[in-house]
Amino acid sequence: MTAVVSEAIDEVRGVLDRAGDSIVVGGRPGPAAGGDLIETFDPATGDAIASIAAGTAEDVDRAVAAATRALGPWQELSPAARGRFLYDIASLIEENAQELATLETLDNGKPLTESMYLDVSIAAEVFRYYAGWCTKLSGQTVPISPPVGNFFTYTLREPLGVVGLIVPWNFPLLIASWKLAPALAAGNSVVLKPSEMTSLTALRLAELANEAGLPAGVVNLVTGFGQTAGQALIEHPGVAKISFTGSTATGQKIVAASAPSLKKLTLELGGKSANIVFPDADLAGAAQGALAAIFLNQGQVCCAGSRLFVHRSVHDEFVGELASAAGAIQLGHGLVDGTEMGPLISGAQRERVEGYLASGTDEGATLVCGGVRPNGELTPGNFLTPAVFTDVRDDMRIAREEIFGPVLTVLAFDDEDEVVRRANDSEFGLAAGLWTSDVKRSHRVAHRLQAGTVWVNQYNMLDPAAPFGGYKASGYGRDLGEESLIGFTQTKSVWVGLD
Ligand code: NDP
């Protein structure tokens with residue numbers, strides 16, 4: 001382990017040492033009911049860095065009970081008072097930014113600059129955005145036309161109650177914040193279940209919510225495995241809604257498991273997003289954008305631009321540039337200066353990605369660069385060099401399935417209608433990108449693409465105000481924006497007889 005990593009571990013030692021008490025119920029941290037622990041690893045070194053509590057159904061039960069008790073005190077607060085708590089959480093995230101970013105990089109592997117300027121800083125902005133919404137969430141007066149009588153009819157936007165938030169390992173703090181902030185702004189109490197591979201920033205977030213002075217039990221945390229803690233949360237009759245981000249397969253399981261209690265669901269699932277380069281684009285900018293679109297976070301991004309469609313007239317030149325830029329990406333420990341790409345989250349995830357690399361070659365695609373485990377000091381980590389495939393057909397597995405790793409598949413196209421049809425020929429519809437200098441084409445194609453987000457001449461831009469979520473098998477409901485807030489409410493119509 002290098003000096004920089006051991007120094008960073010020392011800086012966050014306090015959090016690592018208390019990770020075994022990561023079941024936060026009613027404001028109090030403690031161990032899991034069964035006392036079991038799960039080791040969490042630095043994916044860049046393979047070293048265990050902490051052990052978190054392996055929550056059980058009993059822990060979920062206690063958390064839901066605490067959250068239910070907290071609903072009264074939370075909802076009795078004025079909207080402005082609730083908003084002040086959210087502003088305070090935003091400030092606390094910023095005050096603890098260095099610690100949160102270090103924890104995220106140690107636990108997930110992403111470069112520290114990404115943890116700092118993407119995950120942590122947007123998490124704070126998300127809380128600030130929804131803090132402002134607390135005083136603006138309102139119903140409507142309804143202009144009704146009754147056959148008899150006079151009525152004054154209006155709607156109320158009410159919270160759902162206790163909501164369960166299940167978040168993945170690729171953006172642990174950020175996605176937790178995407179869900180926690182609107183759930184709280186709308187007046188709900190929550191039970192948060194992070195991935196067992198990356199629970200450290202969720203623990204810190206729950207601590208910061210308590211430090212901000214939220215009534216005990218408004219924010220509860222149950223760490224542990226999906227099949228135990230997650231499943232118990234989904235099946236719990238006291239939980240009104242599950243907001244989930246993760247794989248499409250797990251999303252399908254959640255739909256089935258939540259059916260008996262008819263829970264409301266927001267599902268942000270997998271993707272196989274098309275990124276289209278037209279020949280009239282600024283090609284240098286598009287190449288940079290295409291690389292960032294796929295290789296951010298080691299390709300472990302639900303909206304990754306993993307299917308790159310390049311116009312045949314510029315294809316060879318473009319691929320040449322891509323491959324040399326991909327080959328120059330600096331792999332390393334996320335805490336080391338100059339690292340541009342970290343390791344994959346786990347050995348299992350790397351093997352899964354390698355399975356796709358093998359299938360691409362078997363099915364006749366050409367691996368132009370990358371896809372190998374680097375040697376030397378990176379050997380113990382889950383590193384994989386950024387890979388680019390050409391000669392890809394639409395029916396290949398690498399062009400259809402979510403790989404969730406640093407693998408770009410490049411497909412050639414000839415005209416606009418054709419590329420729109422092929423881009424839309426996917427079970428997924430999370431995001432898409434297009435690169436062109438023709439303003440008419442940009443809007444025309446954006447309107448035709450079946451995706452929840454379309455980026456033009458850029459990729460991966462996010463803002464708390466812009467809704468994010470998928471078409472088709474990429475899920476339903478939206479994170480971020482007003483839509484996420486509305487998704488954490490239910491509408492009541494009130495009829496007042498005036499005669
Ligand atoms: P999952 O979708 O299985 O995990 C996401 C979250 O769901 C985690 O908190 C997980 O907990 C939890 N979970 C898992 N099973 C259940 C269940 N039965 N009930 C309730 N909660 C559950 O992703 P994986 O980590 O298994 O990754 C597998 C693949 O999923 C990746 O290779 C990638 O393709 C895809 N993926 C997609 C994401 C996206 O944003 N689109 C995000 C993450 C993964 P725990 O981890 O503790 O088991």
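Start at 1 and go down the list; that is how both ligands and their atoms are numbered. Every value quoted in this text rests on a predicted model; they were computed, and no experiment measured them.
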Practice prompt. Indicate yes or no: does E354 engage R373 in a salt bridge with an N to O separation below 4.0 Å.
Written response: yes
Worksheet item: Mind checking what residues have non-hydrogen atoms under 4.0 angstrom from ligand 1?
Response: I166, V167, P168, W169, N170, K193, P194, S195, E196, G224, F225, G226, G230, Q231, I234, F244, T245, G246, S247, T250, L269, G270, C302, Q349, R352, E402, F404
Practice prompt. Using a strict 4.0 Å threshold on nitrogen-to-oxygen distance, state whether E207 and R18 make a salt bridge.
Written response: yes
Worksheet item: With sequence neighbours left out, what residues match T102 under side chain to side chain contact (heavy atoms under 4.5 Å, CB included)?
Response: A8, E11, V12, Q98, L106, L112, L335
Fill in: Ring centre gap for W169 and F404 strictly below 6.0 Å
yes
Worksheet, complete the sentence: Residues at least two apart in sequence or cross-chain that pass side chain to side chain contact (heavy atoms under 4.5 Å, CB included) with S115, listed by chain then number, are A101, E104, T105, K110
Discussion item. List the residues meeting side chain to side chain contact (heavy atoms under 4.5 Å, CB included) with A293, not counting sequence neighbours, and say none if there are none.
Written reply: N275, Y459
